[in-house]
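Just follow the structure's listing: the first ligand is 1, and inside any ligand the first atom is 1.
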Amino acid sequence: MEQKETVCSVAKKCGGCRYQGVSYQEQLRRKQRITEGFLKKFGKVEPIIGMEDPYYYRNKVHAAFGRDRKGNVISGIYEEKSHRIVSVDDCMIEDKKSQEIIRTIRGMLKSFKIKTYDEDTGYGLLRHVLVRRGFSTGEIMVVLVTVSPIFPSKNNFVKALRKEHPEITTVVLNVNDRQTSMVLGDRNIVLYGPGFIKDRLMGLTFRISPSSFYQVNPVQTEVLYGKAMEFAAMTGKERVIDAYCGTGTIGIIASGNARDVIGVELNRDAIRDARMNARENKIRNVRFVPGDAGWFMEGMAAEGEKVEVVLMDPPRSGSDRKFLHSLLTLSPEKIVYVSCNPETLARDLACLTKRDYLVKKMQPVDMFPLTDSVEVVCLLENRRTRPGRS
Ligand code: SAH
């Protein structure tokens with residue numbers, strides 16, 4: 001029998017989980033239908049790969065801190081499209097241990113005389129708490145986001161917190177004194193441990209700092225990246241581009257089966273993390289270039305460079321014309337397109353299949369149970385350079 005999903009008490013106000021009250025099997029069926037709606041004109045869409053346990057999968061948990069009308073400290077999420085905090089005690093998709101740590105911190109504020117920040121009056125100190133956990137290493141980072149770098153009795157606070165949760169491996173104070181909807185400010189002060197955690201994906205180690213981009217569902221990330229590697233089916237001789245590489249995870253994983261890999265990414269902080277990740281894993285056949293992926297591809301195409309495989313993982317908006325056109329000029333044997341939006345994927349596939357490419361495989365993966373997002377990994381092959389053709 002299909003289990004009916006229990007409903008979270010703040011589902012409506014939060015708005016994150018659109019599939020509240022829908023059984024997991026039905027969620028998967030709906031995602032399959034949505035994906036097919038956009039993509040079946042390009043061929044067969046494989047059955048979506050779901051999670052064995054679709055709860056508490058998020059390795060990054062954020063709570064805003066404030067007070068309710070009675071003056072009690074609350075922590076939770078901002079109500080959809082507003083700045084009112086809705087108290088959350090048991091989110092169904094966030095890591096349990098991280099939520100427990102947030103509850104502990106909430107309980108400690110009074111005895112440490114730490115006030116939550118009030119946006120209207122500008123009074124108080126603590127704005128947010130962010131907890132990130134490396135699921136495969138067990139390392140935990142707590143980030144206390146405050147308006148001022150002065151945190152009273154900070155050493156005792158860290159000591160008391162670690163007494164309750166000895167599994168915390170680092171504590172960072174992040175100073176955010178701006179009126180902004182961004183959670184983190186620019187300044188990090190390490191209060192305990194190294195200031196970052198590590199996690200392992202496909203046997204490789206990745207460093208996660210307070211603001212680094214890292215996939216939030218590590219279990220399904222391995223499934224997704226595994227499919228991407230299976231589709232690329234590299235032999236060790238290929239030159240590979242990892243476009244929109246973020247902190248370099250896909251390219252670094254691919255480097256073991258490639259001659260060399262070039263990652264390109266707009267965000268300079270992510271490039272710095274990517275380079276560090278390559279060094280940490282002692283990988284020498286990968287390099288990372290900061291800049292626009294379209295600009296980079298144009299340069300490669302103009303210089304007549306030869307590339308066998310392009311792995312691409314653009315944001316929701318998909319790729320731009322410049323990128324797609326230079327991809328057609330560069331004419332790699334294979335393109336593996338990882339997409340978090342089947343609508344823009346369909347648009348970009350229409351452009352690529354009009355010319356030299358054939359869609360060979362499309363595999364949806366459920367990265368975000370309970371929400372309506374779908375991730376798809378797609379393999380395209382070049383008609384002109386397909387093996388067995390001359
Ligand atoms: N492949 C990575 C990150 C994918 S997220 C991973 O799996 O972890 C998409 C990335 O594209 C983001 O890091 C974003 O900064 C980057 N990006 C967005 N527009 C870009 C552009 N025009 N050129 C290069 N990178 C871009």
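Annotation for ligand 1: atoms under 4.0 Å from non-hydrogen atoms of Tyr225 are 6 (C), 7 (O), 8 (O).
Regarding atom 21 (C) of ligand 1, its nearest protein heavy-atom neighbour is Asp292 OD1, 3.6 Å. Closest to atom 26 (C) of ligand 1 among all protein heavy atoms lies Tyr244 CD2, 3.5 Å. The closest protein non-hydrogen atom to atom 12 (C) of ligand 1 is Glu265 OE1, 3.6 Å. Annotation: atom 25 (N) of ligand 1 to nearest protein heavy atom, Leu266 N, 3.2 Å. Given atom 18 (C) of ligand 1, the protein heavy atom at minimum distance is Pro315 CG, 3.6 Å. When hydrogens are left out, the protein atom nearest atom 5 (S) of ligand 1 is Asp313 O, 4.1 Å; that is the closest non-hydrogen contact.
Polar contact with ligand 1: absent for Asp242 (N/O pair, distance under 3.5 Å). Among the atoms of Asn267, none of the N or O lies under 3.5 angstrom from an N or O of ligand 1.
Ligand 1 lies nowhere less than 4.0 angstrom from a heavy atom belonging to Thr247. Heavy-atom distances between Ser317 and ligand 1 stay at or above 4.0 Å for every pair. Residue Cys245 places a heavy atom less than 4.0 Å from ligand 1.
Residues passing the side-chain hydrogen bond (donor to acceptor under 3.5 Å, both in side chains) test with Asp95 are Ser98, Arg133, sequence neighbours excluded.
Looking only at side-chain heavy atoms (C-beta outward), Phe206 and Thr247 stay at 4.5 Å or farther from each other.
A salt bridge links Glu26 with Arg29: at least one charged nitrogen is closer than 4.0 Å to a carboxylate oxygen.
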